Amino acid sequence: MALLDSPAPAGSGARLMAVLNNATVRSVVYQALTLACVVLLFWYLISNTIENMSQRGMSAGFDFLGVSAGFGIGFTLIPYREGDTYLRVFMVGIANTMLVAVVAIVLSTVLGLIVGLARLSNNWVIRNVARWYIEVLRNTPLLLQIIAWYFGVFTLLPRPRDSIGWVDSIFLNNRGLYLPAPVIADGFGTVLAAAVLGLAGAFAWARFARKERENSGRIRPVVLPVLALLVLPPLLATLLAGAPVSWDMPQLRGFNFVGGLNIPPSFCALIIALSIYTSCFIGENVRSGVQSVSRGQTEAARALGVPPGRTMRSIILPQALRVIIPPLISQYLNVTKNSSLAIAIGFPDLVSVWMNTSLNQSGRAIPIVAMTMGFYCLVSLAVSLAMNRYNRSILIRER
Amino acid sequence: MDEVLSRDSAAVEQLPAEIFKPKPARAAPPSTLGVQGWVRQNMFSSIPNALVTVLGIWIVYAFFDTILTWAVGNAVWEAENRRQCLDLVGRSGACWPGVIAWIPNLIYGLYPKDQVWRINLAGVILLLWALPLWLPRVQSKVQIGLSLVLLFPLLASYLFLGGEKGVIWSALIALGLAGFLWTLLTAATETISGLSFGRYAVAAIGFGGDNDPARRNGQIAALLALYVVALIAVQAMSLSFVATRAWGGLFLTLVISGIGIAFSLPAGIVLALGRRSRMPLISMLSTTFIELFRSVPLITILFTFNTMLPLFLPVGVEVNQLLRAIVAVCLFSSAYMAEVIRGGLQAIPRGQYEAASAMGLGFWQSTGLVIMPQALKIMIPTIVGNFIGLFKDTTLVSIVGLFDLLSMSRAVGEDTRWLGLFLEPFFFITMIYFVVCFTMSQYSLNLEQRLSAGERR
Amino acid sequence: MTDAVRGEPPVEMIGVNKWFGAFHVLKDIDLRVREGERIVVCGPSGSGKSTMIRCINQLERHQEGTIRVHGRAYGRDLRENDAIRREIGMVFQSFNLFPHLSVLDNCTFALTWVKHLPKKEAEDRAMEMLTRVRIPEQAGKYPLQLSGGQQQRVAIARALCAQPKIMLFDEPTSSLDPEMINEVLDAMVELAESGMTMIVVTHEMGFARKVADRVIFMDQGEIVEEAPPAQFFDAPRFDRTRLFLSQVL
């Protein structure tokens with residue numbers, strides 16, 4: 001080291017080398033060079049873009065947002081009419097994307113939990129059924145699955161006239177799924193009140209059970225009473241108040257169904273494919289999470305005489321969840337991003353109505369691309385902030 | 001205590017010892033052993049377990065029964081069009097003639113039939129080029145691997161595109177061909193004599209004796225000779241032009257994912273190093289790039305490049321759709337690869353960095369010689385996982401109007417002869433995707449096990 | 001129940017055989033433990049000593065023979081097995097504390113969910129046991145914040161909270177740093193002096209000599225020799241025992 005550090009021999013060339021070898025100088029030079037490259041690249045791109053746009057008579061402003069879009073959207077969660085503005089179209093797109101994401105997240109979590117637990121089963125048959133379910137579905141492209149469900153299943157369903165019906169209220173045909181739609185009538189307030197009371201009762205019971213356990217040591221059942229309190233009061237109120245909720249039944253009129261709730265085939269295909277595909281990844285998360293809890297934990301609980309169900313709930317799950325939740329959340333983010341594949345089967349999500357239809361109609365490429373990207377970036381950012389908080393909260397509890 | 005113990009050992013010496021004869025091991029009770037025991041423990045250990053087993057077997061049976069009845073039992077193998085299929089078996093069986101008739105298109109897209117040999121040739125070259133990587137006696141595996149990634153695209157792009165080739169273009173194609181010839185020759189000479197091609201050539205001619213510079217000159221001359229041969233060969237070649245619009249099917253899928261893979265690895269390394277850099281500007285730029293591309297769906301990137309790339313380039317420059325898609329896929333996959341590699345770099349213990357700098361290695365030396373090889377090794381399974389993801393994601397290019405395997409399979413059902421034939425081609429390409437992805441994932445699993453076994457030893 | 005139990009040996013193993021797959025781990029084990037007896041089990045690794053004590057609280061199921069605890073035999077009835085197991089406390093080599101619960105919650109866990117004690121009472125008893133192993137001041141911490149020796153003492157306190165009649169120790173000091181071994185051994189000696197029935201698998205021969213009523217030497221899945229420590233260490237009968245002793249002492 002001493003040899004290397006010895007003062008450089010005189011001479012401007014050697015002195016220049018010494019300066020260049022100085023770490024700080026080097027770092028500044030590198031960064032300046034990088035900055036110059038990036039600025040140059042952006043200047044090149046932007047100047048080209050400006051020239052291209054002026055030649056094609058395109059504009060980059062956001063003023064078009066107030067203009068009427070003038071096209072219809074097949075499925076909207078929030079009200080939308082053809083004359084509504086582009087901004088409204090953007091909102092419709094976001095709402096539809098979020099709807100798909102939320103429904104698919106719920107379904108894929110339930111499915112994933114089942115698959116993951118099946119994967120952990122000590123029954124060889126179930127374990128392997130789950131394994132091959134996962135292997136086959138996660139090794140085929142999601143887009144292929146979505147398209148296969150749509151073109152291979154839902155568009156091949158019978159015409160409305162020959163619908164597949166179930167107790168005369170649920171119908172499946174090539175126009176989608178028809179469900180009875182609830183219609184709120186007088187006296188619904190009673191039901192609502194009963195539900196709220198039930199909810200309050202459920203909380204009170206859970207609290208009472210905990211207090212009782214702490215004070216007298218008596219263990220009271222919690223899960224069943226809570227479920228009963230949530231379900232029974234609104235049900236009873238419905239009966240007593242004389243059906244305050246009526247059902248709008250789908251009915252066949254001519255060539256099509258009227259009434260009821262129509263879920264378009266594209267939505268069904270998208271949700272099914274997305275949930276099944278994601279459930280494979282969630283299932284693997286669940287499996288590795290539970291397996292990450294060492295056998296010793298179960299054995300220790302068993303040696304203390306703790307019943308298996310309690311061991312699962314109070315020992316294994318809390319520890320497994322710490323391993324499961326971070327990748328689970330990134331799967332949720334993936335679901336949200338993957339819902340953009342809706343465009344392939346014509347479901348009007350954000351990318352489809354905004355980046356495709358609106359962009360082609362208005363020609364405002366730059367604002368539209370920026371708004372779409374901005375939306376997804378915002379979602380990612382929010383999720384990663386939440387995740388960081390979660391990770392930090394784990395750390396605090398452990399150390 | 002010690003005193004006590006030493007007295008003990010003295011006592012031990014005095015008494016005659018009885019010999020301990022271990023009892024012979026008995027065979028386990030049959031209920032826990034063999035097929036019967038295994039079945040009992042894993043499938044029928046309790047009544048609920050047995051019920052679940054029966055349910056599972058029923059599900060498996062019902063699934064395979066349905067699939068096989070449709071795909072084999074009731075399937076039609078010879079028909080002129082879909083109508084005939086439907087007349088024969090209706091929807092209860094698959095109509096394979098449609099898929100069979102479309103197989104060439106599913107694989108090569110709309111590539112001219114008489115030119116398809118070019119794609120096959122490129123495939124054969126790729127296999128031959130990669131083969132030495134698995135030959136045990138070949139030593140120059142790193143060089144061969146690098147030449148494959150860097151030079152094969154040059155050769156392949158000419159085989160695929162064809163058409164006019166200027167001077168520079170010819171020189172580059174020749175470089176690709178020379179790389180291929182060098183790989184073959186080196187693999188051969190190293191298998192025979194353990195010498196790389198250049199050294200072998202020098203030794204064979206008896207050139208230079210033990211004079212080092214002369215020997216090196218001899219090697220360079222041999223390589224130059226090889227390049228000249230390749231150049232002449234390339235000049236002699238003349239392939240007709242095939243526009244990228246005609247590219248399609250599995251071929252296009254492989255081209256896009258191949259380029260994405262080849263690009264994303266080096267770009268990912270650069271981005272990962274950039275993100276970990278101590279220089280704030282570089283780290284910030286890398287992080288922004290990575291996070292931006294990772295937080296938006298691939299389809300929005302494809303759309304963006306589809307609409308924006310023509311705007312970004314000087315007026316009048318045309319970019320074909322394939323190139324737009326490839327740029328999008330490359331940037332997207334590099335961002336993901338960067339995070340994978342960053343994970344690998346984080347897993348390298350601090351001691352490795354310290355040891356490298358203690359040896360007086362600079363940043364590039366320690367990264368290139370010590371850190372990166374280790375990081376890449378532990379990251380192989382994740383990298384392969386990323387490749388699988390990329391391969392699956394290439395299906396998205398069908399949305400921006402390219403005719404990859406997925407859109408080709410949809411075209412079957414739009415052919416007037418096979419109108420409405422969707423399930424069969426989907427089934428067929430599902431098998432293709434599954435076989436490719438599953439093989440890759442099993443290979444990486446296998447590799448992972450071998451690597452961790454190496455660590456344990 | 002205590003009346004029915006009186007007179008029956010705390011642990012009795014008769015002709016116990018166990019296989020892992022085709023491997024015969026325990027061969028015809030016969031063992032009778034008296035009330036208040038302290039037994040040390042030693043032997044080379046793989047001799048089946050851990051498996052034997054794990055059979056005593058049925059963490060491992062044996063395939064042949066009978067195991068009785070206070071006269072009640074393990075069988076097919078899982079609830080009965082659980083009830084029998086509650087008489088037995090166990091301390092593991094790797095502590096197996098619940099990392100997501102505080103030290104106090106680790107100790108009260110079984111009291112709350114198995115013995116159904118009120119919170120106050122459970123915490124009082126937990127504190128009492130933690131005081132016994134001399135770490136009451138760590139009650140609010142989490143296991144991973146403690147040293148190995150402290151963790152193992154928490155594990156002892158946790159097992160004691162359930163007021164077992166028998167304590168099993170599966171190599172309790174094997175994964176500890178040398179300077180921490182004594183604090184754990186001290187806690188065990190104290191427990192032994194209180195009259196607890198103990199079965200300890202360990203390589204700590206000093207502990208065996210000082211505390212044990214009987215030392216059992218196992219090899220290749222069977223009990224080779226059992227004797228009071230003085231006789232065991234001074235005049236072992238078998239060549240195999242002598243070889244072992246010459247290696248560990």
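Quick caveat: nothing in here was measured; it's all calculated off a predicted structure. Naming: A, B, ... by sequence-line order, numbering from 1 per chain.
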So, the side chain of A:Q297 versus the backbone of C:L97: is there a donor-acceptor pair under 3.5 Å, distance only? yes
Is it true that, when you exclude C:K115 itself, more than 12 heavy atoms of the residues, nucleotides or ligands shown sit nearer than 6.0 Å to its NZ?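 Atom NZ in C:K115 is crowded, with more than 12 foreign heavy atoms closer than 6.0 Å.
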A:F203 CZ: over 12 foreign heavy atoms closer than 6.0 Å: no
Which pair of non-hydrogen atoms, one from [X] and one from [Y], has the smallest distance, and what is that distance?
X	Y	value
C:F92	A:A303	CZ-CB, 4.1 Å
C:V114	A:L304	CG2-O, 3.8 Å
C:R158	A:A300	NH2-CB, 3.5 Å
A:I315	C:L101	CD1-CD1, 4.4 Å
A:R302	C:L59	NH2-O, 3.7 Å

Segment of A:S314 engaging chain C (4.5 angstrom heavy-atom cut-off):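 Both the backbone and the side chain of A:S314 come within 4.5 Å of chain C.
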Interface check, chain C: of A:R213, A:R295, A:R310, most non-hydrogen pairs under 4.5 Å belong to A:R310
So, using side-chain contact (heavy atoms from CB on, under 4.5 Å) as the criterion, who are the partners of [X] when residues are at least two apart?
X	value
A:A95	A:L77, A:I78
C:S94	C:N96
A:S216	A:E212, A:R218

To the nearest 0.5 Å, what is the distance between OG1 on A:T311 and CZ on C:F109?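 Reported to 0.5 Å precision, the distance equals 6.5 Å.
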Would you mind telling me which of C:R85, C:K120, C:R86 has the largest number of heavy-atom pairs within less than 4.5 Å of chain A? C:R85
Heavy atoms only, distances under 4.5 angstrom: which of C:D82, C:L117, C:N57, C:I88 has the most pairs with chain A? Name it, please. C:L117
Which portion of C:Q58 sits near chain A, non-hydrogen atoms under 4.5 angstrom: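 Contact with chain A: backbone only.
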Any residue of residues 73-81 of chain C which, by heavy atoms, sits under 4.5 Å from chain A: none
